[in-house]
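Remarks on the structure that follows.
The model shown is predicted, which means the values in this text are computed figures rather than measured ones. Because only heavy atoms are used, hydrogens play no part in the values below, and waters and symmetry mates are left out as well, while side chains stay in. Proteins come first, then strands; the chains are lettered A, B, ... in the order of their sequence lines, and each starts at number 1.
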Amino acid sequence: QVQLQESGPGLVKPSQTLSLTCTVSGGSISSGTYYWSWIRQPAGKGLEWIGRIYSSGTTNYNPSLKSRVTMSVDTSKNQVSLKMTSVTAADTAVYFCAREVRWGQQLDYWGQGTLVTVSS
Amino acid sequence: DIQMTQSPSTLSASVGDRVTITCRASQSISSWLAWYQQKPGKAPNLLIYKASTLESGVPSRFSGNGSGTEFTLTISSLQPDDFATYYCQQYNSYSTFGQGTKVEIK
């Protein structure tokens, strides 16, 4: 059974960089056709797709966030990472990582999510 | 950007009711649509993909229909465990979600 676990600082100051890691267990991130996505959800609001990454490092970002987002992969640790620069209070949200069955397909496994608050 | 609009935003229903949620895309997305269920404090759970394919392990009372720009999620007989928020997601171009439909107890 694949499991995903997000981790990282719960509090980030405005203008700084948000950094999160998603650790995958129960399967290799390099196997198959899977992509790994990040999605966020502000409190009481809907879901926003941030972007995706393949084990080769190929990425695809939401155009509205592209200028501030970088994703990376560490196959040796079975981890994918998210960095978002110049954060503001509007970036306060629960951040989820999820497995995408193949490029541009449905999200079949999700992490439990981690709350990131942007505040001084 | 492809915008996804769900209706209604809130739906009040009773156990045993048949309920239908609609999701409209701002342009054609063929059948590249998924539905998720989310309960408070939890991650979304995949119910249906490719508009009408039931994810493994999901009860058969859930069904999806549609193509192009209009899609529906139907729960044939609402169960206590089904009170939750439902989201549609298009994955034809990048990915966008609808704003959600909360199914609450009447």
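- Heavy-atom distances place both the backbone and the side chain of A:Asp108 under 4.5 Å from chain B.
- Heavy-atom distances place no part of A:Tyr109 under 4.5 Å from chain B, backbone and side chain included.
- Contacts of B:Ser95 with chain A are made by both backbone and side-chain atoms, with heavy-atom separations under 4.5 Å.
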Take A:Gln105 and B:Tyr91 through the side-chain contact (heavy atoms from CB on, under 4.5 Å) test and state the conclusion after the steps.
CA-CA 6 Å; A:Gln105 299 289 306; B:Tyr91 45 90; 3.9 Å; yes
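- If you chain together hydrophobic residues whose side chains sit under 4.5 Å apart, A:Val69 and B:Phe97 never meet in one group.
- Hydrophobic clustering keeps A:Val101 apart from B:Ile48 (ILVMFWY residues linked when any side-chain heavy atoms are closer than 4.5 Å, directly or through intermediates).
- With a threshold of 4.5 angstrom between heavy atoms, B:Ala43 approaches chain A through its backbone and through its side chain.
- Counting non-hydrogen atoms of other residues, nucleotides and ligands closer than 6.0 Å to NZ of B:Lys42 gives a total of 12 or fewer.
- Here the CD1 atom belonging to A:Ile39 is positioned 12.5 Å from the OH atom belonging to B:Tyr87, to the nearest 0.5 angstrom.
- With values rounded to the nearest 0.5 angstrom, A:Trp49 atom CH2 is found 9.5 Å from B:Gln89 atom CD.
- Counting only heavy atoms from C-beta outward, the side chains of A:Leu47 and B:Tyr36 never approach each other to under 4.5 Å.
- At a 4.5 Å heavy-atom cutoff, B:Pro40 makes no contact with chain A through either its backbone or its side chain.
- In the hydrophobic clustering of this structure, B:Leu46 does not group with B:Leu73; members are Ile, Leu, Val, Met, Phe, Trp, Tyr whose side-chain heavy atoms approach within less than 4.5 Å, directly or through other members.
- Tracing side-chain contacts under 4.5 Å through hydrophobic residues (I, L, V, M, F, W, Y), one reaches A:Leu65 starting from A:Tyr95; they form part of the same cluster.
- Shown are B:Tyr49, B:Trp35, B:Trp32; of these, the side-chain contact (heavy atoms from CB on, under 4.5 Å) with A:Gln106 is made only by B:Tyr49.
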Start with the C-alpha gap between B:Gln38 and A:Gln41, add the side-chain angles, then the distance that decides, and say whether side chain to side chain donor-acceptor pair (under 3.5 Å) holds.
CA-CA 12 Å; B:Gln38 187 180 33; A:Gln41 184 173 38; 2.9 Å; yes
Are B:Tyr94 and A:Asn60 close enough, and set up right, to give a side-chain contact (heavy atoms from CB on, under 4.5 Å), and what steps lead you there?
CA-CA 8 Å; B:Tyr94 298 102; A:Asn60 184 220; 3.4 Å; yes
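- Hydrophobic clustering (side-chain heavy atoms under 4.5 Å, transitive across Ile, Leu, Val, Met, Phe, Trp, Tyr) keeps A:Trp110 apart from A:Trp38.
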